[in-house]
2 protein chains.
Amino acid sequence: MARAATTTDAFNAVAEPRRREILDALIGGERTVTDLVEVLGLPQPLVSKHLRVLREVGLVDVREEGRQRVYRLNGHPLKPIHDWVKNYERTWTQRFDRLDAVLEELKEMEQRNDRDGE
Amino acid sequence: MARAATTTDAFNAVAEPRRREILDALIGGERTVTDLVEVLGLPQPLVSKHLRVLREVGLVDVREEGRQRVYRLNGHPLKPIHDWVKNYERTWTQRFDRLDAVLEELKEMEQRNDRDGE
DNA sequence: GCGACATATGCCTATATGGGCATATGATGA
DNA sequence: TCATCATATGCCCATATAGGCATATGTCGC
């Protein structure tokens, strides 16, 4: 099997830095494709392709306005990422580093006992 | 160009669900490769390969203990993900939905004025 | 109707992935 | 020394990606 499609997940869609840039640009409000092309400094077809991926995972919505398409952010699909990564927050929070060290040492001892006991 | 390597980023490394499972398993404390194989129910070579990726982006550290390798979680590389996705939290927080709607409408009006004014 | 504008799609290439399988490497205990 | 266990690597394949470029589609003003 190859890598999972970029349109599988928010996780996969957002692994691309340009796509994150697009979303970042949309935080400020709705943007036209041309707006985004200018902000990102990328060729228009490439931006359209990235937008397609974002659309397919539901991270953006489109609205037609004359000959332009206005893109709007929809962050909901990012919630799973937030929820997942939140569980690791204490790993880099200075305040918990000592506590973590102690807890992990305790767990190691338990595991070592379990292994030896079997 | 192809997609960025999985070892480029925590973003890319973590796009793989099995790799997230491995990290999740390591939250409970250090684990042996065999432990992980049992927990994930995957063939050992595959687990070793995923571990390699996680090692290369610094998400896990290894320690040799006899003929086993004991893997330990290192969440620090996840911080950029957390920091990035945090900016989108209000998108799915019910409490802010109304406010966001109003703000976005205001911004739309401004943009429309800007566009028409040019 | 027509030419300019805005956007999406198609086709092409290089790349490296996830997984399957066999095997190399290394440590252990008898 | 040798068989066994624990782990990592190598080779194979199918897949689809990001980007480049040309072009299709659709809309506007005139």
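Numbers restart at 1 for each chain; the letters A, B, ... are given by sequence-line order, proteins then strands.
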With sequence neighbours left out, write down each residue that passes side chain to side chain contact (heavy atoms under 4.5 Å, CB included) with [X], or none if nothing qualifies.
X: B:Ala5; result: B:Thr7, B:Thr8
X: A:Pro43; result: A:Pro45, A:Leu46
X: A:Thr34; result: A:Thr32

Q. Would you call B:Glu56 and B:Arg52 a salt bridge, using N to O less than 4.0 angstrom?
A. yes
Next on the checklist: Tell me whether B:Glu30 is salt-bridged to B:Arg63, with the criterion being a basic N under 4.0 Å from an acidic carboxylate O.
Outcome noted: yes
Note: contacts of residues 40-56 of chain B with DNA chain C (heavy atom, under 4.0 Å) are B:Pro43, B:Pro45, B:Leu46, B:Lys49, B:His50
Expected list for residues 9-24 of chain B near DNA chain D, using heavy atoms below 4.0 Å, is none
A:Met1 CE to C:dG18 P, in whole Å, measures 11 Å
Min and max contacting nt of DNA chain D in 5' to 3' order, chain A heavy atoms within under 4.0 angstrom, are D:dT15 to D:dC28
So the salt bridge (charged side-chain N to carboxylate O under 4.0 Å, His left out) pairs with at least one residue in residues 73-84 of chain A (sequence neighbours excluded) are A:Lys79-A:Asp83, A:Asp83-A:Lys86
Exercise for review: Side-chain contact test, heavy atoms from C-beta onward, threshold under 4.5 Å: evaluate it for A:Val62 versus A:Val70 and give yes or no.
Suggested key: no
Would you indicate whether the side-chain heavy atoms of B:Leu59 and B:Leu23 approach each other to under 4.5 Å?
yes
Would you tabulate the pairs of protein nitrogen or oxygen atoms and nucleotide nitrogen or oxygen atoms of nucleotides 2-5 of chain C closer than 3.5 angstrom?
from: C:dC5; atom 1: O2; to: A:Arg67; atom 2: NH1; distance (Å): 3.3

Taking side-chain hydrogen bond (donor to acceptor under 3.5 Å, both in side chains) as the test, write out the residues that go with [X], two or more places apart.
X: A:Arg55; answer: A:Tyr71
X: B:Arg19; answer: B:His50
X: B:Asp24; answer: A:Trp84, A:Tyr88
X: A:Glu38; answer: none

Applying the 4.5 Å side-chain criterion to the ILVMFWY set and letting contacts propagate, would A:Val14 and A:Val53 be lumped into a single cluster?
no
The answer to which of A:Ala4 and A:Thr34 contacts DNA chain C further toward the 5' end, by nearest nucleotide, is A:Thr34
By nearest-nucleotide position on DNA chain D, the 5'-leaning member of A:Ala2 and A:Thr6 is A:Ala2
